[in-house]
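For reference, the structure is listed below as structure tokens.
None of the values given here were measured: they were computed from a predicted structure.
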Amino acid sequence: MSSERVLKLGIPAGSLQKATVELFAKAGFSIADSRRSYQPAIDDDEIHPICLRAQEMGRYVGDGVLDAGITGFDWITENDCDVVEVCELPYSKATSNPTRWVLAVPSESKVTRPEDLQGGIVATELIGVTQRYFADRKIDVRVEFSWGATEVKARLVDAIVELTETGTSLRANNLRILDTVIVSTTRLIANRQAWEDDFKREKIENIAILLRAAIEARSKVGLKMNVRKDDLDAVLKVLPAEKSPTVSSLADSAYVAIEVIVDDKVERALVPALKRAGASGIITYPLNKVIH
Ligand SMILES: Nc1ncnc2c1ncn2[C@@H]1O[C@H](COP(=O)(O)OP(=O)(O)OP(=O)(O)O)[C@@H](O)[C@H]1O
Ligand SMILES: O=P(O)(O)OC[C@H]1O[C@H](OP(=O)(O)OP(=O)(O)O)[C@H](O)[C@@H]1O
Ligand SMILES: [Mg+2]
């Protein structure tokens, strides 16, 4: 591992790639050509991005080939990687929800409990975690490696352990979930030696702050409005109780301006209620980053 002022950063190729590049963009970094080049350009001279499979990321970060990288908790666990887990980054391929590796059988199968699989065969990409799951429950099954397209194998063997995010693939293949084997979210990980290097650690921490702030901002909106002082109490009552709005004076001393950040889920109900409570000139705007 070199101690030059460049951070070798692993970007996950495959399922997480598009969401990762978009998240970096929101965090303020432009990564170009990540689909064509495994060493894409980034507009930060102190970062050298390298695209790698999420499955292999932990090993390369652990060995110091990379200083840091982004991968799933599932593969960190499967490969038992010796890395620093810097932070959780709650995003998946399509949503900000965690993914789950589930034990599933064909919907028509007679199997209703994991115990019913005793003596059977289970296909999965996540061999180690699956073997541990059955060993912990003292269920004797043969766990077979699957190279992908695992859903189809549920009808070739007895059951599968496969990743699900939105549930679309399980539904499309008419599969029934018996149990959750592991819940996984995306993580930023660092090499132990790199984490001890002042420059690299600060750089990794800065990336963590910006990525987390960009994720946080995705589910929030900013709200601004003007309110007659007489209506202030009524308007404040409508705003979510846990929020502390900024109230500032306006040139017209009969009015104040209110600014607050709220969950985007409540925006639709909040705006008409604020208007009814007397707010005017209401504007809502998307946020780039929210830093706590
Ligand atoms: N919807 C999703 N589908 C697959 N993986 C997802 C999804 N959302 C998040 N992930 C995460 O992305 C990583 C997938 O890495 P992996 O290299 O195994 O597969 P992949 O990128 O889907 O490649 P492949 O094309 O071989 O399936 C895992 O850590 C997984 O948890
Ligand atoms: O619950 P869902 O939102 O449908 O997501 C889960 C699907 O996504 C992944 O497939 P991927 O795109 O990685 O293809 P693969 O089968 O080749 O791994 C995973 O292997 C499932 O098939
Ligand atoms: Mg996959």
Side-chain angles (χ1 to χ4, degrees), residues 9 11-12 14-31 34 42 54 68-76 85-102 163-171 180 182-189 204-225 227 235-248 257-277 279 281-292:
L9 177 69
I11 304 290
S15 288
L16 285 174
Q17 186 163 350
K18 186 164 171 278
T20 302
V21 170
E22 283 170 6
L23 183 62
F24 270 83
K26 197 162 167 67
F29 300 95
S30 164
I31 299 178
S34 77
I42 188 167
I70 290 173
T71 186
F73 176 70
D74 41 12
W75 291 111
I76 300 172
E85 225 184 277
V86 179
C87 67
E88 185 176 32
L89 298 169
Y91 72 96
S92 298
K93 182 183 188 175
T95 67
S96 48
N97 300 328
T99 59
R100 292 190 296 151
W101 287 81
V102 294
L163 182 143
T164 176
E165 181 185 354
T166 63
T168 313
S169 306
L170 294 176
R171 274 194 299 278
T180 297
I182 187 174
V183 177
S184 178
T185 51
T186 308
R187 309 284 163 105
L188 176 61
I189 55 173
I204 296 167
E205 283 175 344
N206 290 353
I207 292 170
I209 290 168
L210 292 168
L211 291 180
R212 284 189 60 88
I215 293 173
E216 178 78 15
R218 285 208 285 227
S219 59
K220 305 272 191 254
V221 290
L223 268 178
K224 267 187 190 176
M225 68 212 87
V227 181
V235 167
L236 290 180
K237 270 198 197 111
V238 172
L239 289 172
E242 74 279 10
K243 309 285 170 196
S244 177
T246 307
V247 181
S248 26
I258 296 183
E259 187 160 6
V260 68
I261 290 168
V262 297
D263 285 348
D264 60 355
K265 285 193 221 76
V266 303
E267 178 188 3
R268 211 166 60 185
L270 202 53
V271 170
L274 287 167
K275 184 158 171 52
R276 278 194 198 100
I282 304 171
I283 58 165
T284 78
Y285 50 92
L287 305 168
N288 268 330
K289 293 176 196 68
V290 174
I291 297 123
H292 290 296

*Please examine the side chains of Ile282 and Lys275, heavy atoms only from C-beta on, and report whether any two atoms are closer than 4.5 Å.*
yes
The test is side chain to side chain donor-acceptor pair (under 3.5 Å); show your working for Glu165 and Thr95 and say whether it passes. CA-CA 8 Å; Glu165 181 185 354; Thr95 67; 2.8 Å; yes
For this session: Decide salt bridge (Lys or Arg N to Asp or Glu O under 4.0 Å) for Glu216 and Lys220; before the verdict, give the C-alpha distance in whole Å, the side-chain angles of both, and the deciding distance to 0.1 Å.
Result: CA-CA 7 Å; Glu216 178 78 15; Lys220 305 272 191 254; 3.6 Å; yes
**Asked** With a 4.5 Å heavy-atom cut-off, do Pro240 and Val262 have their side chains touching?
**Response** yes
query = Do Thr71 and Pro12 touch side chain to side chain, with heavy atoms closer than 4.5 Å?
reply = no
### Under 3.5 Å donor-acceptor, Thr99 side chain and Ser184 backbone
yes
Trace of the side chain to side chain contact (heavy atoms under 4.5 Å, CB included) decision for Trp101 with Thr164: CA-CA 6 Å; Trp101 287 81; Thr164 176; over 6 Å; no
Here the gap from Thr166 atom OG1 to Asn97 atom CG, rounded to the nearest 0.5 Å, amounts to 9.5 Å
* **Verdict with reasoning, Val221 to Ile261, per side chain to side chain contact (heavy atoms under 4.5 Å, CB included)** => CA-CA 6 Å; Val221 290; Ile261 290 168; over 6 Å; no
Check: Under 4.5 Å between any side-chain heavy atoms of Asp74 and Leu163, yes or no?
Finding: yes
The reported gap from SG in Cys87 to CG in Leu211 (rounded to nearest 0.5 angstrom) is 7.0 Å
Taken in chain and number order and not counting sequence neighbours, the residues that satisfy salt bridge (charged side-chain N to carboxylate O under 4.0 Å, His left out) with Asp264 are none
### side chain to side chain donor-acceptor pair (under 3.5 Å) between Thr185 and Arg187, worked out
CA-CA 6 Å; Thr185 51; Arg187 309 284 163 105; 3.0 Å; yes
In this structure, CG of Asn288 is separated from CZ of Arg218 (nearest 0.5 Å) by 12.0 Å
In this structure, OG of Ser30 is separated from CD1 of Ile42 (nearest 0.5 Å) by 8.0 Å
Residues Ala279 and Val235: closest non-hydrogen pair is N-CG2, 4.0 Å
All N/O donor-acceptor pairs, side-chain side in residues 19-28, below 3.5 Å, sequence neighbours left out:
unit_1: Thr20; atom_1: OG1; unit_2: Leu16; atom_2: O; d: 2.5
unit_1: Thr20; atom_1: OG1; unit_2: Tyr91; atom_2: OH; d: 2.7
unit_1: Glu22; atom_1: OE2; unit_2: Lys18; atom_2: NZ; d: 3.3
unit_1: Lys26; atom_1: NZ; unit_2: Leu287; atom_2: O; d: 2.7

Exercise. Evaluate the side chain to side chain contact (heavy atoms under 4.5 Å, CB included) criterion for residues Thr168 and Leu170: first the C-alpha distance (whole Å), next the side-chain angles of each, then the deciding distance (0.1 Å), finally the verdict.
Key: CA-CA 6 Å; Thr168 313; Leu170 294 176; over 6 Å; no
Run the numbers on Ile182 and Phe73 for side chain to side chain contact (heavy atoms under 4.5 Å, CB included), then give the verdict.
CA-CA 9 Å; Ile182 187 174; Phe73 176 70; 3.9 Å; yes
Any chance the side chains of Thr180 and Arg100 put a donor and an acceptor closer than 3.5 Å?
yes
TODO: Tell me yes or no: between the side chains of Glu88 and Thr186, is some donor less than 3.5 Å from an acceptor?
DONE: no
Rounded to the nearest 0.5 Å, the CG atom of Leu223 sits from the CD atom of Glu259 at a distance of 9.0 Å
- Query: Less than 4.5 Å apart, any side-chain heavy atom of Ile258 and any of Leu239?
  - Reply: yes
Got a list of side-chain donor-acceptor pairs under 3.5 Å for residues 265-274, not counting sequence neighbours?
unit_1: Glu267; atom_1: OE2; unit_2: Thr284; atom_2: OG1; d: 2.9

CD1 of Ile291 to CZ of Arg212, rounded to nearest 0.5 Å, is 12.0 Å
